[in-house]
Amino acid sequence: MLDKTFDPKSAEPRLYATWEASGTFRPEHVLSRDSHATPFCMVIPPPNVTGSLHIGHALNNTLQDILARYHRMRGHAVLWLPGTDHAGIATQMVVERQLAAEGNVGRREMGRDAFVERIWAWKAQSGGTITQQLRRLGASCDWSRERFTLDEGLSRAVRKVFVELHKANLIYRDKRLVNWDPHFQTAISDLEVETREVQGKMWHFAYPLEGEPIDGVSEIVIATTRPETMLGDGAVAVHPDDPRYTRFVGRQVRLPIADRLIPIIADEYPDPEKGSGAVKITGAHDFNDFQVAARHGLSMISIMDERARMAGPIPERYLGVDRYAARKMVVEEIEALGLLRQIEERVIAQPHGDRSGAVIEPYLTDQWYVDAKTLAAPAIAAVEDGRTVFEPKNWEKTYFEWMRNIEPWCISRQLWWGHRIPAWYAPDGEVFVAEDEASAKAAARAKLGRDVELRQDEDVLDTWFSSALWPFSTLGWPNETQDLKRFYPTSTLVTGFDIIFFWVARMMMMGIQFMDEVPFQRVVINGLVRDERGQKMSKSKGNVIDPLDVIDDLGADALRFSMAILSGARDIKLSKNRIEGYRNFGTKLWNAARFCQMNECTPDAAYDPAAVKETLNRWIRSETVKTAQAVSAALDAADFAEAANVLYRFVWNVFCDWYLELAKPILNGDEGRAKAETRATAAWALDQILRLLHPISPFITEELWDKTAEFGPRRDGLLIEAKWPALSGEWIDEAATAEIDWLIGLVSEVRSIRSEMNVPPSARPPLVLVGAGPLTQERLKRNRDRLCTLARLEAVREAPATPHGAVLFVAGEATAALSVAEYIDLAAEKARLAKALAAAEQDVARIARKLDNADFVARAPPEVVEENREKLAEAEAALEKLKAAAARLKTVS
RNA sequence: GGGCGGCUAGCUCAGCUGGUCAGAGCGUCUGGUUUACACCCAGAAGGUCGGGGGUUCGAACCCCUCGCCGCCCACCA
C-alpha cells in the first residue's frame with residue numbers, strides 16, 4: 001500500500017537515474033524505432049558554466065522540460081540540447097575576485113596564459129554544478145550532446161563565422177568611440193551599458209572670446225556635467241539659427257586651463273532652448289560631440305588612459321590624475337580664474353557597466369564591429385512574415401523596435417577569457433584574418449611576398465558572439481551533420497525577455513546568414529521571477545528563493561508545478577507559501593491514487609472506455625476527455641499556466657471532490673458489474689491524469705505509474721515512454737454530464753442549507769435538503785445512496801410532502817426521530833425563498849426586456865437571441881416553481 | 001522623450017473574440033479527524049473590477065482622458 005505522502009527526496013534521484021539510463025532523453029530512443037518521427041528540437045539557453053541554478057533557470061528549464069516531455073509523449077523525436085556558456089566577462093570577474101580574496105597576484109602580474117589556465121581550473125572544478133542541478137530539476141536534456149561555447153567544435157564555428165563575415169565586409173575594424181569600462185579596462189557593447197539616474201551637478205563655465213568683444217560680449221558660457229573633459233575640448237558649437245550667437249561663428253575662444261584656442265562653430269546639434277545654447281565639443285569623450293567633431297573635421301583629443309586617469313596633451317599637473325579628482329581641480333581652477341558662472345544641482349543620466357558598476361567612459365579606440373544593420377534586415381523580415389513567431393506575440397514589437405534602430409555591434413573585448421579574435425598583424429600593422437595562424441601566414445606571404453612575423457590580436461570576442469551561433473554550432477556546424485539536417489531550424493526557443501536583444505536577435509541574424517533559415521520557428525518568452533512583493537530577487541536584499549532549497553524541502557515537482565502555473569505573468573511573484581500549495585496538490589493526487597489502490601482500482605488492459613454504462617463513469621470519461629483536449633491545446637500554445645490550471649482543477653475539484661466521492665457507495669457496495677466497471681474506470685482516469693500531468697510533474701507521476709501497477713497487471717516500461725492520451729471526442733457524454741452536474745448542484749445546495757440552519761452546530765442535524773428547483777422525489781430516490789455518502793451520513797430516508805416540493809432529509813441515529821419541521825428553519829427558509837423569488841423575477845424581467853428590444857433581436861447574433869429565448873423559458877419555469885413553493889410555505893406556517 | 005505591461009476580495013492573480021460570472025488560491029473566521037488525503041473536508045465574511053467621460057439595448061472587458069506602479073529603449077550639454 002502507498003504511504004500517506006510522496007517522498008520526493010528519496011524518489012527523485014532514483015527516478016532521474018532510471019530515466020537517464022533508459023536513454024529516453026535521446027532522440028535516438030524514438031528514431032531507432034521510427035526513423036521518420038517528427039523532430040522537435042530546443043537548444044537550452046546556456047547558463048554560465050561556473051554558475052549555479054537560480055530561480056530564473058528553474059522557470060526557464062521547467063518550461064522547456066514540459067515541452068520536451070510533452071512532445072516525447074506525442075511520439076516526436078525530441079532533442080533538447082544542453083550546454084554551457086563560458087560567459088567571458090562574468091567568469092573572468094569571478095576568478096579575478098577569487099585571486100584577490102586569496103591574496104594572490106592579479107591577472108596582469110600573473111600573465112595571460114597562467115590566468116586563463118586558472119579559469120580552466122575553476123571551470124573544471126565548478127563546471128558540473130549547474131548541469132547536476134538541472135538534473136535535480138528533472139530536466140530531460142540529451143546529456144550525450146552537451147556542448148560548451150569554448151569547446152573545440154564551437155570555437156571552430158566561431159572562427160569560421162568571423163572569417164566569413166570579415167570576407168563579406170560584415171565584420172570590420174574601426175576607430176570610434178566605444179563604451180569603455182575603466183574597471184575591467186575593456187570595451188563593452190551598448191547593451192551592456194546600464195543608464196542610471198544619479199544626483200549630479202551642472203557647471204557653467206565662461207570661455208573668453210579671443211580678440212575683440214562683439215557688442216560688448218567677451219565670453220561664451222557653456223554648461224557641462226563633466227568639467228574634466230574640457231581639457232579635451234575641440235570647439236564650442238552653437239545652432240546656426242540662434243540669433244544670439246551667429247555673429248560669433250568663425251571666431252575663437254581661449255580654452256581656459258588648457259590655454260588653447262578653439263573655434264566657435266555652427267551645427268544643428270545644440271538646442272537653443274537648452275542651457276546657454278552653446279555647447280562645448282569634446283569629440284573623444286562624448287558620443288554626441290564625436291559626431292559633431294567628425295562633421296567638422298575637428299581633432300579628437302583623447303585626454304584619458306584606459307583606467308580613466310587623465311593623460312595626453314594636457315597640463316602636466318593633470319597627468320595621471322583620476323577623472324574625479326581632475327574634475328575637482330578643473331572646477332577650482334575655473335573658479336579661481338573667475339570663470340565659474342553657475343552650479344546647478346540636477347539629476348543626470350549616467351552610464352554604468354552592467355557587470356562592474358563602474359561609470360562608463362566614452363573612449364576612442366580601435367575595435368572590431370559587426371555590421372548589424374545589414375544582418376538585421378533579413379532577421380526583421382523573418383519575423384514579419386511569420387517564419388519565426390514570438391509567444392506572446394507582443395514581444396515582436398520590442399524585437400522590431402530594436403532591430404530597426406540597430407547600431408554596429410562592438411564585438412572585441414580586452415579580456416583574456418574567450419575566443420581570441422582570429423586576426424593577425426604584420427609588423428607594419430596590416431591585418432590578416434584567417435581561421436588559424438598557418439592560413440594567416442600563408443595569406444601574408446601571398447600578399448607581402450615573404451614570411452613575416454605575425455602577432456595575433458590580443459582581444460577576445462564578446463561572449464554573445466559565440467552564443468549567437470548556438471542553434472547551429474551545437475548541432476555540428478560547420479560540418480554537415482545528421483543532427484544539423486534533422487534538427488535545424490530548431491522548433492522552439494524558450495527564454496527570458498531580458499535577453500531578446502543580447503541573444504535572440506543575434507541568433508536570428510547569424511542563423512539566417514549562415515544557414516539561410518531562421519534558427520527557431522517559435523520563441524516562447526517567459527517572465528521574470530520576483531519575490532512575493534514584486535521585488536527583483538537579489539542576495540543583498542536577502543529575498544532570494546534558492547530552487548535547490550525548494551527542491552530539498554518540497555520536491556522538484558512542487559517547484560515545477562509552481563513555475564508552470566505562475567508562468568503566464570510577466571513578473572512572476574513567487575513565495576514559498578505558494579509552492580507549498582502546489583506540493584499539497586501532489587499529495588492530493590498521491591492520496592487519490594492511494595484510495596484507488598485501497599479499492600482495488602487497478603489498470604486493466606482490456607478496459608474499453610467506450611463501453612462504460614454507469615452514469616458516473618460516463619461522466620468522468622467525458623471530463624477526462626475534455627481535460628486532455630484542454631491540456632493539449634494549452635501546451636501546443638505554450639500556455640503552461642493554463643495547462644497547469646486545467647489539471648489542478650480536474651484532479652482536485654472534479655476527480656477527487658466528486659468522482660471519487662460519488663464512487664464510494666459503489667465501491668463500498670456489493671460486488672457486481674457496476675463495481676467492476678467503476679474500479680476499472682477510476683484506474684483508467686487516474687492513468688490519464690498521470691500521463692497528462694507527467695510533463696509538469698514528472699517525478700510523482702512516474703512513481704505512481706509504477707506503484708499503481710503493483711497489484712494489477714505489471715506495466716511495461718516507464719511513464720516517460722508512455723503515449724500522450726489520444727482520447728476520442730465521441731466519449732464526451734453530455735447526458736451524463738448534465739445528470740452529474742445536477743447532482744453536484746443538489747449536494748452543494750444541501751450543504752449550504754445545512755450550514756445556514758439556525759441552531760448550534762452540535763444540535764444541527766446531519767443534513768436537510770430542500771429542493772425548490774428541478775428536484776423530484778424520483779431523482780432523489782435514485783441518488784439517495786450517493787447523496788448519503790457525499791454528506792457523510794449514515795442513513796437516508798424520504799421525507800413526507802413538504803412546503804417546498806420535495807424534501808430529502810437524512811439523519812443519523814440520534815436525530816432519526818425528529819420531524820421535518822424541526823429540521824428546517826422556517827424563517828431562514830422563507831428568507832431564502834423570498835430572495836430566490838426576487839432574483840427569479842428580476843431574471844425573467846431582464847430577459848424579457850432584452851427580447852422586447854427590437855434592436856437586440858435585429859443586431860445580436862441569432863444564436864444569442866435563441867439562447868435568450870431558452871433562458872426566458874427556463875427562468876419563467878423556475879419562477880413558477882418558486883411561486884408554488886412560496887404558496888405552500890405560507891400554508892404551512 | 002518613445003514603447004511595453006499593470007492597476008479586479010486583506011495578499012497573489014484568473015476573467016481568451018463585450019450578453020450566468022464578479023471568480024480561484026492563499027490568508028481570516030466557523031464547524032468537522034472511528035480507514036485516500038489536516039499537505040484534508042464543509043461553510044462564511046470580504047470587491048461601486050484605479051478616477052472620470054464616451055460608444056452600446058448591455059462594459060471588468062471597446063474608445064478617450066486622468067492618476068499612480070513597474071520594466072525596456074533614447075545622444076542631450
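Reminder, nothing fancy here: chain letters follow the sequence lines and each chain counts from 1.
Side chain A:Glu642 to base B:A14: no donor-acceptor pair is found below 3.5 Å.
Judged as a side-chain contact (heavy atoms from CB on, under 4.5 Å), and not counting sequence neighbours, the contacts of A:Glu197 are A:Val347. In this structure A:Lys4 satisfies the side-chain contact (heavy atoms from CB on, under 4.5 Å) test together with A:Arg594, sequence neighbours excluded. Remark: A:Asp267 engages A:Arg295, A:His296 in a side chain to side chain donor-acceptor pair (under 3.5 Å) (not counting sequence neighbours). The side chain to side chain donor-acceptor pair (under 3.5 Å) test applied to A:Glu228 returns A:Arg226, A:Arg327, not counting sequence neighbours. Annotation: side-chain contact (heavy atoms from CB on, under 4.5 Å) contacts of A:Glu194 (sequence neighbours excluded): A:Arg196, A:Asp354. Here A:Phe6 pairs with A:Trp590 under the ring-ring contact (aromatic ring centres under 6.0 Å, His included) rule; sequence neighbours left out. Evaluation of the side chain to side chain donor-acceptor pair (under 3.5 Å) rule for A:Asn599 yields no partner, not counting sequence neighbours.
Here A:Thr398 lies out of heavy-atom contact (under 4.0 Å) with every strand. A:Lys397 comes within 4.0 angstrom of the backbone, heavy atoms only, and of no base. If you check every strand for non-hydrogen atoms under 4.0 Å, A:Cys596 touches nothing. As judged by a 4.0 angstrom heavy-atom cut-off over every strand, A:Trp203 is placed among residues making no nucleic acid contact.
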Please produce a list of atom pairs where a protein N or O lies less than 3.5 Å from an N or O of nucleotides 73-76 of chain B.
unit_1: B:C75; atom_1: O2'; unit_2: A:Asn288; atom_2: OD1; d: 3.4
unit_1: B:C75; atom_1: O2'; unit_2: A:Asn288; atom_2: ND2; d: 2.1
unit_1: B:C75; atom_1: N1; unit_2: A:Asn288; atom_2: OD1; d: 3.2
unit_1: B:C75; atom_1: O2; unit_2: A:Asn288; atom_2: OD1; d: 2.3
unit_1: B:C76; atom_1: N4; unit_2: A:Asp271; atom_2: OD2; d: 3.3
unit_1: B:C76; atom_1: N4; unit_2: A:Lys274; atom_2: NZ; d: 2.8

Scan the side chains in residues 402-410 of chain A for donor-acceptor partners under 3.5 Å anywhere in the protein, sequence neighbours excluded, and list what turns up.
unit_1: A:Arg404; atom_1: NH2; unit_2: A:Glu384; atom_2: OE2; d: 2.6
unit_1: A:Asn405; atom_1: ND2; unit_2: A:Glu401; atom_2: O; d: 2.8
unit_1: A:Trp409; atom_1: NE1; unit_2: A:Asp462; atom_2: OD2; d: 3.0

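Relative to the side chain of A:Thr5, the nucleotides B:G25, B:C39, B:C40 differ in distance, and B:C39 lies closest.
Of the residues in residues 580-589 of chain A, those lying under 4.0 Å from RNA chain B by heavy-atom distance are A:Arg583, A:Asn584, A:Thr587, A:Lys588.
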For Watson-Crick and G-U wobble pairs within 3.5 Å on both distances, what is RNA chain B written in dot-bracket notation, | included for inter-strand pairing? ((((((((.[[[[.)...(...]]]].(((((.......))))).....[[[[[..)....]]]]])))))))....
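Taking the P atom of each, B:G18 and B:A36 are spaced 47 Å apart, rounded to whole Å.
Listed by first then second residue, pairs satisfying salt bridge (Lys or Arg N to Asp or Glu O under 4.0 Å) with a partner in residues 634-651 of chain A read A:Arg74-A:Asp636, not counting sequence neighbours.
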